[in-house]
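Indexing begins at 1, ligand by ligand and atom by atom, following the structure's order. Side chains included, hydrogens not; waters and symmetry mates left out as well; all remaining heavy atoms used.
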Amino acid sequence: MQPTQRRLANAIRALAMDAVEAANSGHPGMPMGMADAATALFTRHLKFDPKDPRWPDRDRFILSAGHGSMLLYALLYLTGYERPTIDDIKRFRQLGSPCAGHPENFELPAVEVTTGPLGQGFAMAVGMAIAERHLNAIYGDELVDHRTYVIAGDGDLMEGVNHEAVGMAGNLKLSRLIVLWDDNRITIDGSTDLSRNEDVIARFAAAQWHTVECDGLDSAKVSKAIEAALADPRPSLIRCKTIIGYGAPNKQGTEATHGAALGADEVAAARKELGWDSPPFEIPDDVLSAWRDSGKRGEADRREWNRRLSESVKKDEFLARLTAKPDESWLKSHVDALIANPPKVATRKASEMALEAINPAVPSTIGGSADLTGSNNTKTKALQALTPENYAGRYIYYGIREFGMAAAMNGMALHGGVIPYGGTFLVFTDYARPAIRLSALQRARVVYVMTHDSIGLGEDGPTHQPIEHLQSLRAMPGIDVYRPADAVETAECWALALASDGPSILALTRQNLPPIRTQPAGGNLSARGAYRVKSAKGGRRVIFLATGSEVEIALAAAEQLEQQGIGADVVSMPCTERFDAQPADYREDILPDVSNKEILRVSVEAGTTFGWERYTGLHGLRIGIDRYGVSSPAKDAYEYFGLTPDAVAARVVDHMQKRETR
Ligand SMILES: Cc1ncc(C[n+]2csc(CCOP(=O)(O)OP(=O)(O)O)c2C)c(N)n1
Ligand SMILES: [Mg+2]
């Protein structure tokens, strides 16, 4: 006799209880409450094949309620993925186990995205659903025809980013996005009545979503609700009414099951309640084999898809999109043209000029902006908007949703086949920051086009002028922060960002900058992260380290010093991360390891000086801005903060004199 759906679900419950018990850490409540709903999804609807976790046309499943990670690990084990093994699960949350506390996309190939920071899984799913529709519009149903399923908890639906994501999905009519809401009316602090009285269903309906409700503890009813969702041309929210910790007789329905081991007595009571008499981590043969059978449902689909791919005239193009490095041939001709005819432009404009060369050469880019298209210069002329009527479009109007945009871009990048880039003001990386961090953690190739990168934006004043942003982003592991000094460097930095396997931030100016690079270099100089743009003429006494718009100032200050007989190098440092990764002899050449008495190192950047001692040494000179900005024209702001060649040269001379008399 086939085990009932409930018995299949109880295997998830048992594994969740046992793993959390063994770790004495973790979240049993959510997996136990949603076990029946997940069983419906995985045994009847989700298109997947454990034999090939990364099969391109698989449905995507995102556990936005990432604390319920044991739900996902149990499903992957039961349906027959190579990993996690039962031993991996026994070592849930232990060092070296791929069954990390929260699902990590770099630990298990079947984990699509890293989740845990609530709300972001949902928002990344929106990006996945966008990428699917976009690629479908280009390659047709025969190659791209899948859905994005999400399990989200109360927390996911409360987070602000959820409101952004819901708005984007409704507006883009992402019919293939289906969210199962674990409506258990409990969060960590207790009842959701403590913190929420909104009508969630009405909110989604108002955002043009399809909504349907069901008993989340009845797998057949969840399945029916999924069918209704599949049939509707809008994104769908399925409200699954559940009981957190279902099956634990004394604790279910309470926050006690949310995030702690149930304890031996309660686990024993739950086993009794559920009629589950197997020892910990053991799944009865009939149950395991039924699960493994459902794991084989997708194999035929995958074979059929492989056949269609092998017969498709678009096969090579499709596979290249998924795996090949983007074409870089645009760079040389573009840079040659810039050197032949050096423009005096803002680097945001230089970025647009680079994109005019990139977008035709790299068809996988999808641009966008959080309502600052004209300021971020993110839309090239030929790009059409990506809309419900034209999913093939390559430009997304994200609206004023920086966090939602960034999270969606993570989803797109991790879906594969597209390279998202999106813009806002650098200061508003603060609004997007949690998703930028997840770009870095997950190695998602997203390019952040962050313009108005200093007080040089001028009149909008302190709220819009980044101060600590560059350094705080540089402090984030796993992301390259670029601050190019002119049009050539901007193009070089774009090429590096596209070639990367992770995220990049381009910090770009609003104000015009003169060309710095006017001679052919025979290679991408920005790739070194820092390089000398001017060598000292006399004996070298000073090394300027400058980025972006301040390279121009450092160059002019260095000329003044030279006239006083003080030899000065100027190093442009578009990317500190890349410089740090250079071999020691290169770093030594640029920044010789001598005391500041012999050669004074001076950093010049229109932002916080915090952290620049890393390159100037403690006794070097750090010129920047350690307070909030001012509302004024850019030129006046630069003068006010002493960021002019005269003021910089004077400070260097003063510093050298004081040091000599010490
Ligand atoms: C952004 C963010 N804030 C806070 C947390 C900590 N946290 C983890 S689960 C949770 C409660 C979530 O409630 P719900 O989604 O209803 O999950 P349930 O208790 O029903 O499993 C909180 C606050 C988090 N993971 N992410
Ligand atoms: Mg809840």
Which residue and non-hydrogen atom of the protein lie closest to [atom], and at what distance in Å?
atom: atom 19 (O) of ligand 1; result: His258 ND1, 2.5 Å
atom: atom 23 (C) of ligand 1; result: Ile188 CD1, 3.7 Å
atom: atom 3 (N) of ligand 1; result: Glu159 OE2, 3.6 Å
atom: atom 20 (O) of ligand 1; result: Asn184 ND2, 2.6 Å
atom: atom 26 (N) of ligand 1; result: Leu118 N, 3.1 Å

What do you reckon, does [X] have a nitrogen or oxygen under 3.5 Å from a nitrogen or oxygen of ligand 1?
X: Ile186; answer: yes
X: Gly116; answer: yes
X: Gly155; answer: yes

Heavy atoms of the protein only: does one fall short of 4.0 Å from atom 6 (C) of ligand 1?
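Not a single protein heavy atom is under 4.0 Å away.
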
Specify side chain, backbone, both or neither for [X], according to which of its non-hydrogen atoms lie closer than 4.0 Å to ligand 1.
X: Thr192; value: neither
X: His27; value: neither
X: Asp154; value: both

Going by atom types only, do [X] and [Y] share a side-chain donor-acceptor pair under 3.5 Å?
X: Thr187; Y: Arg196; answer: no
X: Tyr448; Y: Ser439; answer: yes
X: Thr451; Y: Asn376; answer: yes

Quiz item: cation-pi between Arg292 and Tyr77, 6.0 Å / 45°
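So Arg292 does make the cation-pi contact.
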
What are the atoms of ligand 1, with element, lying closer than 4.0 Å to any heavy atom of [X]?
X: Pro117; answer: 26 (N)
X: Ile244; answer: 18 (P), 19 (O), 20 (O), 21 (O)
X: Gly153; answer: 15 (O)

Work out which heavy atom in [X] is nearest to a heavy atom in [Y]; give both atom names and the distance.
X: Gly116; Y: His102; answer: CA-CD2, 3.5 Å
X: Phe122; Y: Ala152; answer: CD1-CB, 4.2 Å
X: Pro31; Y: His27; answer: CD-O, 3.1 Å

Ionic contact status for [Y] with [X], cut-off 4.0 Å:
X: Asp36; Y: Arg13; result: yes
X: Glu213; Y: Lys241; result: yes
X: Asp501; Y: Arg443; result: yes
X: Arg271; Y: Asp18; result: yes

Under-2.8 Å protein N/O/S neighbours of the Mg ion (ligand 2), ordered by chain then residue number:
Asp154 OD2, Asn184 OD1, Ile186 O

Pairwise side-chain contact, [X] with [Y], heavy-atom cut-off 4.5 Å (strictly under):
X: Asn10; Y: Tyr246; answer: no
X: His464; Y: His452; answer: no
X: Met450; Y: Thr424; answer: yes

Shortest reach to atom 21 (O) of ligand 1 by a heavy atom, considering only Met32, Met158, His67:
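When every heavy atom of Met32, Met158, His67 is considered, His67 comes closest to atom 21 (O) of ligand 1.
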
